[in-house]
Amino acid sequence: MINKYSEEKFDIRNFSYEELAAYLKAEGERPFRATQIFEWLYQKGAWSFDEMNNLSKPLRVLLTERFILKPRKIAEKQISADGTTKFLFELDDQQRIETVLIPTAKRTTVCVSTQAGCKFGCRFCASGIGGWKRNLTTAEIITQILHIKEESKKHGNPLSHIVYMGVGEPLDNFAHVMKSVRIINDKKGVNIGARRITVSTCGVIPGIEQLAKEGIQIELAISLHGFDNASRNVLMPVNRKYPFDDLMAACRAYIKATKRQITFEYILIKDVTCTEKAAAALKKSFKGIICKMNLIPYNPVSEFDCQTPSRNEMFAFKNQLERIGIHTTLRAPRGKDVAAACGQLRYTVDNVVRKMT
Ligand code: SF4
């Protein structure tokens, strides 16, 4: 935490409103200055303190001396035929993370990364292939959103939805993720409603328990992807630490505590996850849970030999789930031609895509 005696320079977007207000107060500034700065950072899209022309000159000089405010380096930008745009951002330590803008007729969504790499190694997801390097800071999460917010002006709709579903496990970087969520949700910040913010998890139970206590009405998505303990053990190594039944119990407790629905993300892999056996197991486990299940057709990743089911197989499975009372949607893949679809995002370092060894 910065104080007036600190000599280190910090990215200003690492600070919550309260932290910034406390710092400014200690510097003898008036309370409304924090609001003005927040508006410049998150609503007016300032990338330098010089732009903040309603602040006094001495305050702008002080901010420039004490804080970092600069755009993130965009190493690459790829635009899919369907309008989905994938950004490769380079961080100050040369880690590279991917962020995706997904425009549709009614909304514009950003899918953000929360870690450089991922330690969870799900067996269908490119993000875990190179392993985990480090957590992203609040500022590194927020700047992805600010860049996409700017980019979204080129599309019909302004940025309206945030999904924490890029590279990394959000609840494994809980503090920075939640701080970024609060800045996004803050009326003085990015000002996006809590119900338009979705945090996903591969099943980190302590994080789910912690989230239930946060008292914020964001959406929770569970990347389930398996239908029982054995299938989840194979597809998602995290299951060995947090087994299927414990996860389902944690979800029930979350729903009870927050009175909110959960969305379950479920990958469709031919002959693996969309079978009669899978539907029967899900029927048993989801008894009494009111939820939405989002079916995601497997998107090819060269290192894995999974296959995408045919459309008929996907719809047959969807209908099976509907018949047993699980409300399902089938996600249309977006940005597949630029490897921006679910499970295809990667992290890279020094411009080398790391391969599974
Ligand atoms: S699905 Fe999520 S938790 Fe699993 S490897 Fe990919 S990014 Fe990591």
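In each ligand, atom 1 is the first atom listed, and ligand 1 is the first ligand listed. Every heavy atom of this structure was used, including side-chain atoms; hydrogens, water molecules and symmetry mates were not.
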Under 4.0 Å to a heavy atom of [X] - the qualifying atoms of ligand 1, by number:
X      : result
Phe120 : 3 (S)
Cys202 : 3 (S)
Gly168 : 7 (S)

Exercise. How close does the nearest protein non-hydrogen atom get to atom 4 (Fe) of ligand 1, and which residue and atom is it?
Worked result: Cys122 SG, 2.3 Å
Problem set entry | Residue and atom name of the nearest protein heavy atom (relative to atom 6 (Fe) of ligand 1), distance in Å to one decimal | Cys125 SG, 2.3 Å
Exercise. Would you find more than 12 non-hydrogen atoms of other residues, nucleotides or ligands less than 6.0 Å from Arg252 atom CZ?
Worked result: yes
For this session: Determine yes or no for a side-chain-to-main-chain donor-acceptor pair under 3.5 angstrom, with His147 supplying the side chain and Arg72 the backbone.
Result: yes
For this session: Can you label the angle between the Phe15 ring and the Phe67 ring as parallel, tilted or perpendicular, going by 30° and 60°?
Result: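 Taking Phe67 first and then Phe15, their aromatic rings stand perpendicular (interplane angle over 60°).
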For this session: Classify the ring geometry between Phe89 and Phe87 as parallel (under 30°), tilted (30 to 60°) or perpendicular (over 60°).
Result: parallel
For this session: Look at Cys118 and state whether any of its N, O or S atoms is less than 2.8 Å from atom 6 (Fe) of ligand 1.
Result: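 No, outside the cut-off.
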Problem set entry | For Tyr164, the option from Asn173, Ile218, Val199 that meets side-chain contact (heavy atoms from CB on, under 4.5 Å) |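 Of all the options given, the one that passes is Val199.
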